[in-house]
A.B. asks: 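Below is the structure I would like to discuss, written out as structure tokens.
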Amino acid sequence: MCSIMGYCSQSAVYDVFMEGFQRTVSRGPDDSRVVRTKGGLLGFHRLSIMGPEPSGMQPFQMGDSYAVCNGEIYGFEKWREELSGKYTFESESDCEVLLPLYQEYGTDLFAMLDAEFACIIYDGDAKEFVAARDPIGIRPLYYGYDKKGVVMFASEAKNLVGLSDKIMPFPPGHYYKGGRFICYCDIAQVGAVCSDDLETVCRNIRAKLTAGVEKRLIADAKVGFLLSGGLDSSLVCAIAAKKSREPIRTFAIGMSEDAIDLKYAKQAADYIGSEHTEVFMTPDEVLSSLETVIQLLGTYDITTIRASIGMYLVCKAIHEETDIRVLLTGEISDELFGYKYTDFAPDAAAFQKESQKRIRELHMYDVLRADRCISVNALEARVPFGDLDFVKYVLSVDPKLKINTYGKGKYLLRHAFEKGDYLPQEILWREKAAFSDAVGHSMVDYLKEYAERFYTDEEYESKCERIAYPLGTGCAAYAAESDIRACSRPFTKESLLYREIFEKYYPGQAEMISGYWMPNREWEGCDVKDPSARVLSNYGDSGI
């Protein structure tokens, strides 16, 4: 990962800018540079992945124009070749093509990219700043305004704390120009439903996911893989193992006493022949990491925090004990193919609507978790299931094929890789386990018990009544308990604990998150008070 920041005013104070910018130096520990353009300040913390030579250091410059980008631009070689007759390239960095592309195509370039990116451009000709973010929001970007109404952009919210009273996520699939956010790609919007039959759909899923993994193996730094033993990460690793000349390196984490996925991760690793490492976490590490994890995440969401503790600790071990710089992960499969709770979708249209909602909100939940846990440890995350071509195709597939009428969730994805000797049948067809079971269900129990001890019942009731908690985006008033998904008011001692820690580091910034990640409580069977799949009636053998 890298870190970028822009303060879009000639009067921007360097020391003030640096106070915020230095908070994310761990995203890019290799080098740092700040330039004062004719319109303001641009900063870049570098993690060297593609084109690691000094010539690849940002900001890139063309005349009076500058650009900083945190991202990976896939297939950038074709752009270089196309533009090389008119522009001179100084490095092997993929992001160097941005300024020439902007010079040629203006803001149309953003829709042309096959990339996961966040960028800030200072247009020296128009004397204005332009910013943009990829359609899913895999790479982070936030914005806020100072007291004079000047806009600022930064990779993380923590960069802008103290500089802006209201910090918000930059909307994915948008660019900012002339004071407005303009949508260039709503990736969740389906133009026409795909009429492919089931076997054709599965062949395309296999081909497109394979292509998504393969392009993410290209790096000028060492690549590793997070392997939970679940379907999604196991498939990413299996595809990569087939495409790699040498054994890939895989990593799994769990509680020592009850982490079911450590067993399955080792089984998958042995099958694909990876060099596998197990990391164990203790109850003390879980509790002592909690505040650090909430601070680095910038969220109070229960599911995101629970799932981040193990991910943060395994990435910390990878950073401290290996020379790996890039990690491939299995995020974004659930949003496309379904969770345990989407088995309760009343019909195919409801399933599709829920999937689109989840894709649009990814940048606040699973994608945020993967980015922060990995980047804070000076690593880069790559997400094959977030490949734009793959996501667009799966979203377009007739939802009647995606809804669980097969007696097995994610049937299309499983069937797509049934042939080809990718994974053991036990891994390919095992039920999805909740993260709490995967890393050891005791981990979540420790967190709940800690929160229960932290507050008396009287303190909990008093704090929830007395403290004014601003609501997430879309809430008009304090929501009722049945509206947990749509609000940010604490509703358990655990959620209150997380919210108070969040407020310590991000005071008054609750609107950054639109609410708690919860199953769709409007569906029969999903009216639950905890986000874990463990509480669903269809969980069954998932935790075995």
Side-chain angles (χ1 to χ4, degrees), residues 1-4 24-33 44-58 68-74 76-77 91-96 115-119 134 138-140 155-156 212-228 233 236-237 239-241 243-253 269 274-277 279 296 308 310-331 367-387:
M1 296 295 184
C2 299
S3 180
I4 62 176
T24 51
V25 70
S26 63
R27 295 185 67 92
D30 294 337
D31 199 359
S32 297
R33 182 183 295 169
F44 183 72
H45 291 309
R46 185 185 193 191
L47 179 67
S48 301
I49 301 296
M50 297 296 292
E53 296 79 11
S55 57
M57 182 58 185
Q58 302 183 40
V68 289
C69 180
N70 170 30
E72 292 295 332
I73 300 174
Y74 301 108
F76 73 96
E77 297 89 351
S91 75
E92 295 301 316
S93 171
D94 52 324
C95 294
E96 193 181 358
E116 44 207 44
F117 74 96
C119 71
D134 69 72
I138 291 176
R139 295 304 170 96
S155 286
E156 294 191 28
V213 172
E214 194 168 10
K215 72 175 67 170
R216 286 164 177 80
L217 297 177
I218 301 171
D220 294 325
K222 292 189 178 181
V223 178
F225 300 80
L226 296 183
L227 175 59
S228 72
S233 64
V236 169
C237 293
I239 295 168
K243 296 295 180 180
S244 301
R245 294 179 182 178
E246 299 178 354
I248 64 171
R249 295 193 64 179
T250 54
F251 300 85
I253 189 167
S274 69
E275 181 183 339
H276 189 59
T277 300
V279 178
L296 70 90
S308 292
M311 194 173 203
Y312 163 72
L313 290 172
V314 71
C315 291
K316 184 173 183 286
I318 293 169
H319 170 66
E320 292 175 349
E321 300 170 17
T322 78
D323 56 356
I324 284 171
R325 307 275 282 196
V326 177
L327 286 176
L328 269 67
T329 74
E331 276 77 23
V367 163
L368 181 149
R369 167 176 53 82
D371 175 84
R372 303 303 192 278
C373 293
I374 292 174
S375 68
V376 78
N377 288 297
L379 303 166
E380 174 174 293
R382 294 186 180 178
V383 190
F385 279 100
D387 187 78

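The basis for the numbers below is simple: all heavy atoms, side chains too, and nothing from hydrogens, waters or symmetry mates.
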A.B. asks: Quick one: do the S375 and R27 side chains pair a donor with an acceptor below 3.5 Å?
C.D. replies: yes
A.B. asks: First locate atom NE2 of H45, then atom OG of S32, and finally report the distance between them rounded to the nearest 0.5 Å.
C.D. replies: 4.5 Å
A.B. asks: Can you tell me how far OG of S3 sits from CZ of R46, rounded to the nearest 0.5 angstrom?
C.D. replies: 14.5 Å
A.B. asks: Using only atom types and a distance under 3.5 Å, with no angle test, would you say the side chain of N377 pairs donor to acceptor with the backbone of H319?
C.D. replies: no
A.B. asks: Quick one: CD on E214 to OG on S244, what's the gap to the nearest 0.5 Å?
C.D. replies: 9.0 Å
A.B. asks: To the nearest 0.5 Å, what is the distance between OG1 on T322 and CZ on R249?
C.D. replies: 5.5 Å
A.B. asks: Grab the two heavy atoms, one from T250 and one from A269, that are nearest each other, plus how far apart they are.
C.D. replies: OG1-CB, 4.0 Å
A.B. asks: Give the minimum heavy-atom separation between A317 and V279, together with the two atoms involved.
C.D. replies: CB-CG2, 4.1 Å
A.B. asks: Identify the two heavy atoms, one from A219 and one from V326, that lie closest to each other, and give their separation to 0.1 Å.
C.D. replies: CB-CG2, 4.3 Å
A.B. asks: Look only at the side chain of D94 and the backbone of F76, and say whether a donor-acceptor pair between them is shorter than 3.5 Å.
C.D. replies: no
A.B. asks: Run the numbers on K215 and D387 for side-chain contact (heavy atoms from CB on, under 4.5 Å), then give the verdict.
C.D. replies: CA-CA 10 Å; K215 72 175 67 170; D387 187 78; 3.0 Å; yes
A.B. asks: Between L226 and I318, is any pair of side-chain heavy atoms under 4.5 Å apart?
C.D. replies: yes
A.B. asks: Donor-acceptor pair, Q58 side chain versus C69 backbone, under 3.5 Å?
C.D. replies: yes
A.B. asks: Of all the heavy-atom pairs spanning S233 and S228, show the shortest one and how long it is.
C.D. replies: OG-N, 2.9 Å
A.B. asks: Would you sort out whether E116 and R382 count as a side-chain contact (heavy atoms from CB on, under 4.5 Å), showing the intermediate values?
C.D. replies: CA-CA 9 Å; E116 44 207 44; R382 294 186 180 178; 4.1 Å; yes
A.B. asks: Test E72 against E380 for side-chain contact (heavy atoms from CB on, under 4.5 Å), laying out the working first.
C.D. replies: CA-CA 10 Å; E72 292 295 332; E380 174 174 293; 2.9 Å; yes
A.B. asks: With a 4.5 Å limit on heavy-atom distance, are the side chains of F385 and V236 in contact?
C.D. replies: yes
A.B. asks: What distance separates D30 CG from S48 OG, expressed to the nearest 0.5 Å?
C.D. replies: 4.0 Å
A.B. asks: For residues M311 and I374, determine if any side-chain heavy atom of one lies less than 4.5 Å from a side-chain heavy atom of the other.
C.D. replies: yes
A.B. asks: Would you compute the distance between atom OG1 of T277 and atom CD1 of I253 and round it to the nearest 0.5 angstrom?
C.D. replies: 12.0 Å
A.B. asks: State, with a plain yes or no, whether a side-chain heavy atom of V383 is found less than 4.5 Å away from one of V367.
C.D. replies: no
A.B. asks: Would you say E53 and S55 are linked by a side-chain donor-acceptor pair, where the criterion is simply a distance under 3.5 Å?
C.D. replies: no
A.B. asks: Could you tell me whether the side chain of F44 reaches within less than 4.5 Å of the side chain of M57, counting heavy atoms only?
C.D. replies: yes
A.B. asks: Check the side chains of T24 and E156 for a donor-acceptor pair under 3.5 angstrom, ignoring hydrogens and angles.
C.D. replies: no
A.B. asks: Look at the side chain of E96 and the backbone N and O of S91, then say whether any donor-acceptor pair between them is shorter than 3.5 Å.
C.D. replies: yes
A.B. asks: Of all heavy-atom pairs between L327 and F225, which one has the smallest distance, and what is that distance?
C.D. replies: CD2-N, 3.9 Å
A.B. asks: Write down the atom of N70, the atom of P140, and the distance for their closest heavy-atom approach.
C.D. replies: ND2-CD, 3.8 Å
A.B. asks: May I have the step-by-step check of side-chain contact (heavy atoms from CB on, under 4.5 Å) for L328 and L217, ending in yes or no?
C.D. replies: CA-CA 8 Å; L328 269 67; L217 297 177; 4.0 Å; yes
A.B. asks: Regarding D134 and R139, does a basic nitrogen lie under 4.0 Å from an acidic carboxylate oxygen?
C.D. replies: no
A.B. asks: If we ignore hydrogens and angles and just use 3.5 Å, is the side chain of R325 paired with the main-chain N or O of A221 as donor and acceptor?
C.D. replies: no
